[in-house]
Amino acid sequence: MALIVQKYGGTSVGDAERIKRVAERIVAAVRAGDQVCVVVSAMGHSTDELVSLAAQVSEEPNPRELDMLLTSGERISMALLSMVISDLGYEAISLTGSQAGIVTDTTHGKARILEVKGDRVRQALAANKIAIVAGFQGVSTAYDVTTLGRGGSDTTAVALAAALGADRCEIYTDVDGVYTADPRIVPSARKLHAVSYEEMLEMAASGAGVLMLRSVEYARNHGVVLHVRSSFGYEDGTWIKEEDERMERAIISGVAHDISEAKVVIQNVPDTPGIAARVFRPLADEGFNIDMIVQNVSAEGRTDISFTMPTDDLRRAKPVLDEIAASVGAEGVARDPDIAKISLVGAGMKTHPGVAADMFDALSDAGINIEIISTSSIRVSCVIRAFEVERAVKAIHDRFKLTEESIIREQHPATATGQLRAINARET
Ligand code: ADP
Ligand code: ASP
Ligand code: MG
């Protein structure tokens, strides 16, 4: 008998019919002899609707109350799912994040899980019940209801799988796996059979919204193997796990894009020691996530400092940025939300020079201007204009022929990574 955690996303439980179909899937697993703990998201776009409702009554909703509101979405789906399962003749119990013992810090809106107690989940499973846990939520150390950030049900599922020592963690969604690009933008994108934690972390951090970044971090830290698959079919999806030295690896895993960030430029700053610290310390202290920092070479002792940050944070960051600009003697601050970040991710980059140059070529051939570049050992990211993002994703996907399989095979089990032979589109 295996213990499985199954997570169903918003589209998968989008209406009454879909909830019934999900219930049948869960019951089928139980009938096959498995113990099942289910994590559900709110139905369809209901979290978005609750966010917009809050915006209609308040310019800046109180964070505690916003969390109280948003967690109601998952309560609805978990209770409905539990009712259907009972009607099918199986025992189920729905539990809020707090009842499931998901303890978080006190950061409303993006709380981090500190501990998963899981007592009531274990009791339910021991009594042969199906435990249905509300995703995306927990209870803080100050006993308030918290949410884990958008897409947070993925993290709930992984955290429960780790705490329960589950045999499998299945993420059921509206696509049948992780693709080489968002299949909504590139219909010819290819489904990846297996992706390492390292690559999935870079993909998720670069905007591939199929898994929440924190869920992948949690899975890697606790060794939880993830299987991302469709809730509408039965085919195998994508496995996310530790890189296996013997497994065939893609040079490039995929292209990800992100339109949720904005570019900020602190203009004409005196280029003196300590300036970067004076710019970024106050932003860090306020908890803003800063990415892609660029400081230009100075001309006449002055320079621009550019970086990206979530567009949603721009409003809250305004007074902090204005204060920084004044204190360092900058000319001003420019904020530009109309940008996109486009990233190419692949573990094979470590051993294949020229990937970045090919990416820049693809953008240049498409007439797309690059504003900022940043790299890690397995990722190259460029900031471009937001309106060009779909064209950019397609151009890069085409240039690297990602629709075709491109794999690295080890010549001999004993050879080092430096001697890998590339069988990819660029060599054929
Ligand atoms: P859920 O509600 O099930 O959590 P999400 O909307 O959060 O579903 O995630 C699934 C969506 O992620 C897909 O519909 C797809 O458009 C998007 N997506 C973005 N990048 C990728 C990718 N590389 N592979 C698969 N899906 C992706
Ligand atoms: N319902 C939440 C959201 O829309 C959490 C989730 O679906 O994972 O972000
Ligand atoms: Mg999601």
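Both ligands and their constituent atoms are indexed starting at 1 by order of listing.
No hydrogens or angles considered: a donor-acceptor pair under 3.5 Å links the side chains of T104 and T146.
Inter-residue side-chain proximity for S41 and K7 is flagged as met; some heavy-atom pair is nearer than 4.5 Å. Residues M359 and V380 form a side-chain contact, since some pair of their non-hydrogen atoms from C-beta on lies under 4.5 Å apart.
At least one heavy atom of G209 sits closer than 4.0 Å to an atom of ligand 1. A heavy-atom separation below 4.0 Å is found between P183 and ligand 1.
For atom 3 (O) of ligand 1, the nearest protein heavy atom (residue, atom name, distance) is T173 OG1, 2.7 Å. Ranking the protein heavy atoms by distance from atom 2 (O) of ligand 1 puts G10 N, 3.1 Å first. Among protein heavy atoms, atom 14 (O) of ligand 1 sits closest to R184 NH2, 2.6 Å. Nearest to atom 25 (C) of ligand 1 among the protein's heavy atoms is G177 O, 3.4 Å. The closest protein non-hydrogen atom to atom 13 (C) of ligand 1 is D174 OD1, 3.5 Å. Looking only at heavy atoms of the protein, atom 24 (N) of ligand 1 is closest to Y179 N, 2.9 Å. When only non-hydrogen protein atoms are considered, atom 27 (C) of ligand 1 lies nearest to V210 CB, 3.7 Å.
For E65, the CD atom counts as densely surrounded, since its 6.0 Å shell holds more than 12 non-hydrogen atoms of other residues, nucleotides or ligands.
Across the listed options I185, D182, I171, V178, D182 owns the non-hydrogen atom lying nearest to atom 20 (N) of ligand 1.
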Show the numbers, then the answer: is there a side chain to side chain donor-acceptor pair (under 3.5 Å) between T155 and S215? CA-CA 4 Å; T155 308; S215 72; 4.6 Å; no
Take S72 and L70 through the side-chain contact (heavy atoms from CB on, under 4.5 Å) test and state the conclusion after the steps. CA-CA 5 Å; S72 67; L70 297 190; over 6 Å; no
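Contact atoms of ligand 1 toward A208: 20 (N) (distance under 4.0 Å to a heavy atom of the residue).
When non-hydrogen atoms are compared, ligand 1 lies under 4.0 Å from the side chain of V175 (C-beta onward) but not from its backbone. By the criterion of a heavy-atom distance under 4.0 Å, the backbone of A181, and not its side chain, is placed next to ligand 1. Proximity of K7 to ligand 1, defined as any heavy-atom pair under 4.0 Å, is confined to the side chain (atoms from C-beta onward).
Ring geometry, H227 versus W239: the interplanar angle falls under 30°, so the pair is classed parallel (tilted spans 30 to 60°).
For atom 16 (O) of ligand 1, a protein heavy-atom neighbour is found at a distance under 4.0 Å.
For ligand 2, the 4.0 Å heavy-atom shell takes in S41, A42, T47, E74, F136, R150, G151, G152, S153, ordered by chain and residue number.
Between K394 and the options E390, H397, R391, a side-chain contact (heavy atoms from CB on, under 4.5 Å) holds for only E390. Looking at E170, R229, R25 one by one, the single match for side chain to side chain donor-acceptor pair (under 3.5 Å) with Q6 turns out to be E170.
Under the 4.0 Å criterion applied to side-chain N and carboxylate O atoms, E235 and K191 are not assigned as salt-bridge partners. In this structure, K318 does not pair ionically with E323, as no charged nitrogen and carboxylate oxygen lie closer than 4.0 Å.
Counting only residues at least two apart or in different chains, salt bridge (Lys or Arg N to Asp or Glu O under 4.0 Å) contacts with residues 67-87 are absent.
The six-membered or imidazole ring of F232 lies away from that of Y172, with a centre-to-centre distance of 6.0 Å or more.
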